[in-house]
Amino acid sequence: MFLTMPDPSATTILEWYDRHARRLPWRMPPSRSRRGEYADPYHVWLSEVMLQQTTVVTVGPYFRKFLARWPRVEDLAAADLDQVLTEWAGLGYYARARNLHKCARLVCDDHGGRFPDTEVGLRELPGIGPYTAAAIAAIAFGRTATPVDGNIERVMARLFAVEAPMPDSKPVLKSHAVRLTPDDRAGDYAQAVMDLGATICTPRAPTCSLCPWQAGCRARAEGLTETLPRRTPKAPRPVRRAVAYWMTRRDGHVLLRRRPETGLLGGMMEVPSGPWAETPDFRDVPPVAADWRLLPGLVEHGFTHLQLELQVKAARIDGRTTLGGVWIPLEAFGDHALPTLTRKVVRHVMAHLGKGTR
DNA sequence: TATTCGTGGGT
DNA sequence: TACCCAAGAAT
């Protein structure tokens, strides 16, 4: 009978975690965390910010780079924002890098170099929202707190067969996660559920036969596993089009421009382009008169909320003009914070013009 | 409350 | 190909 279905418990998944926890650079292994040892708050904070909407595989190298260059929060606070942005380039969501730097300075200036050890205290720092505050409090300070990320939402939706669609069901999912949170080892519990979601209770084709909670999983009992969590359909993302202008001068330097500090790709370097216009009508108004040459093909880039299509035109122009940008030699592109969109444009140009800028 | 923030990998 | 999704936060 269904009445004998066991309730899922933190004990069950903590035992699983003790045997199967992933070894991650920022994580205290369960053999030690079980004894009340906690990972360095600086490491936990840095990793959690990087992990916001970003996969473990992607974050790994960035985490190592940052830690090698700035071993302590004081080192990061002493760095220039530009250095931080350059190291961050490619990770995306660049507001995180600005807030990271701002937060490091606040921790050093206002907290003596120590992170607040409570959820409420952490929540006041820039770039630390509900999830990250709870994660640091639990993982680095042993507080009883319940971070809820996408993994944990999915696991809870299945465990309790929550059929209401996200994001409306988020509060319900969180209440389930909170109810299961143990007073002791809350950090390990959260990391255990996240590991479970990442390796077993995956979005598609979960391997329920390996799941420590399989006996108590309502979605499994009702055959709903693959269909949960449900989600309200999202609006289609609009297409925008523009022309990017690849400008070179006689010595081969290229004109790049820094985007405004806030908003899309804030503070990142770009190949100057006209306004990103609605689909059918876009104007081609080159920034300077020159012998513009249209490169074949398009540079396409999808953001979360819009699809961008760039035509690229190239020309050699008078090296005395700057148009509010900076002349940069191709060899020095690596020293600058180039988001993927910019790198795509560079790659596109190289494919059609080659290094002899012509 | 709803948008606006990147990017890479999987299917 | 097109879509989904990933240790979310700020506005």
Side-chain angles (χ1 to χ4, degrees), chain A residues 22 24-27 39 43-63 85 88-100 102-103 122-140 145-155 166-168 170-171 174 177 187-199 201-206 226 229-240 259-268 270 300-308 337-344:
Chain A
R22 289 187 292 176
L24 303 174
W26 47 85
R27 177 179 283 181
H43 297 185
V44 175
W45 164 71
L46 180 59
S47 66
E48 289 298 347
V49 172
M50 288 182 168
L51 285 163
Q52 288 164 8
Q53 296 289 284
T54 309
T55 60
V56 166
V57 175
T58 301
V59 165
Y62 283 88
F63 178 80
L85 277 174
W88 194 274
L91 251 192
Y93 287 128
Y94 298 96
R96 292 187 297 173
R98 308 174 169 289
N99 285 329
L100 188 82
K102 195 183 304 176
C103 182
L122 288 160
R123 187 65 185 76
E124 294 176 7
L125 293 167
I128 298 184
Y131 163 80
T132 306
I136 299 172
I139 297 170
T146 308
V148 182
D149 74 327
N151 286 304
I152 297 180
E153 285 171 343
R154 181 173 59 257
V155 172
M166 299 234 286
D168 288 2
K170 279 172 177 277
K174 170 156 189 176
D188 280 354
Y189 156 79
Q191 294 178 93
V193 182
M194 289 190 277
D195 274 16
L196 187 73
T199 62
C201 196
T202 49
R204 282 175 298 280
E226 294 267 16
R230 290 180 188 157
R231 187 173 283 280
T232 55
K234 48 185 81 170
R237 53 183 190 184
V239 177
R240 305 242 186 130
R259 293 182 59 84
E261 294 301 307
T262 58
L264 184 73
L265 297 174
M268 309 302 288
E270 68 172 357
E300 298 190 62
H301 189 73
F303 296 97
T304 307
H305 54 294
L306 68 88
Q307 180 73 24
L308 181 65
L338 301 187
T340 296
L341 171 61
T342 303
R343 294 204 302 265
K344 281 184 181 176

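Lettering follows sequence order; numbering is per chain, from 1. Values reported hereafter were calculated over all heavy atoms of this structure, with side chains retained and with hydrogens, waters and symmetry mates removed.
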Using a 3.5 Å distance criterion without hydrogens, assess whether the side chain of Thr232(A) forms a donor-acceptor pair with backbone atoms of Met166(A).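 Judged by distance alone, yes, a pair lies under 3.5 Å.
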I want to check one thing: is the phosphate of dG8(B), taken as OP1 and OP2, less than 4.0 Å away from some side-chain N or O of Arg343(A)? yes
Return no unless some side-chain N or O of Tyr93(A) is found under 4.0 Å from OP1 or OP2 of dT4(B).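 For Tyr93(A), the contact criterion (side-chain N or O under 4.0 Å from OP1 or OP2 of dT4(B)) is not met.
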How would you label the contact of [X] with the nucleic acid (heavy atoms, under 4.0 Å): base, sugar-phosphate, or nothing?
| X | result |
| --- | --- |
| Leu91(A) | base |
| Thr54(A) | base |
| Thr132(A) | sugar-phosphate |

[atom1] of [X] versus [atom2] of [N]: gap in Å, rounded?
| X | N | atom1 | atom2 | value |
| --- | --- | --- | --- | --- |
| Phe303(A) | dT4(B) | CZ | P | 13 Å |
| Asp149(A) | dA6(C) | CG | P | 8 Å |
| Arg123(A) | dG8(C) | CZ | C1' | 10 Å |
| Arg98(A) | dA9(C) | CZ | P | 19 Å |

Run the side-chain hydrogen bond (donor to acceptor under 3.5 Å, both in side chains) test on Gln52(A) and Tyr131(A) for me, step by step, so that the C-alpha distance in whole Å, both residues' side-chain angles and the decisive distance to 0.1 Å come before the verdict. CA-CA 9 Å; Gln52(A) 288 164 8; Tyr131(A) 163 80; over 6 Å; no
Pick the nucleotide of DNA chain C nearest each of Leu125(A) and Arg22(A); which residue has the one closer to the 5' end? Arg22(A)
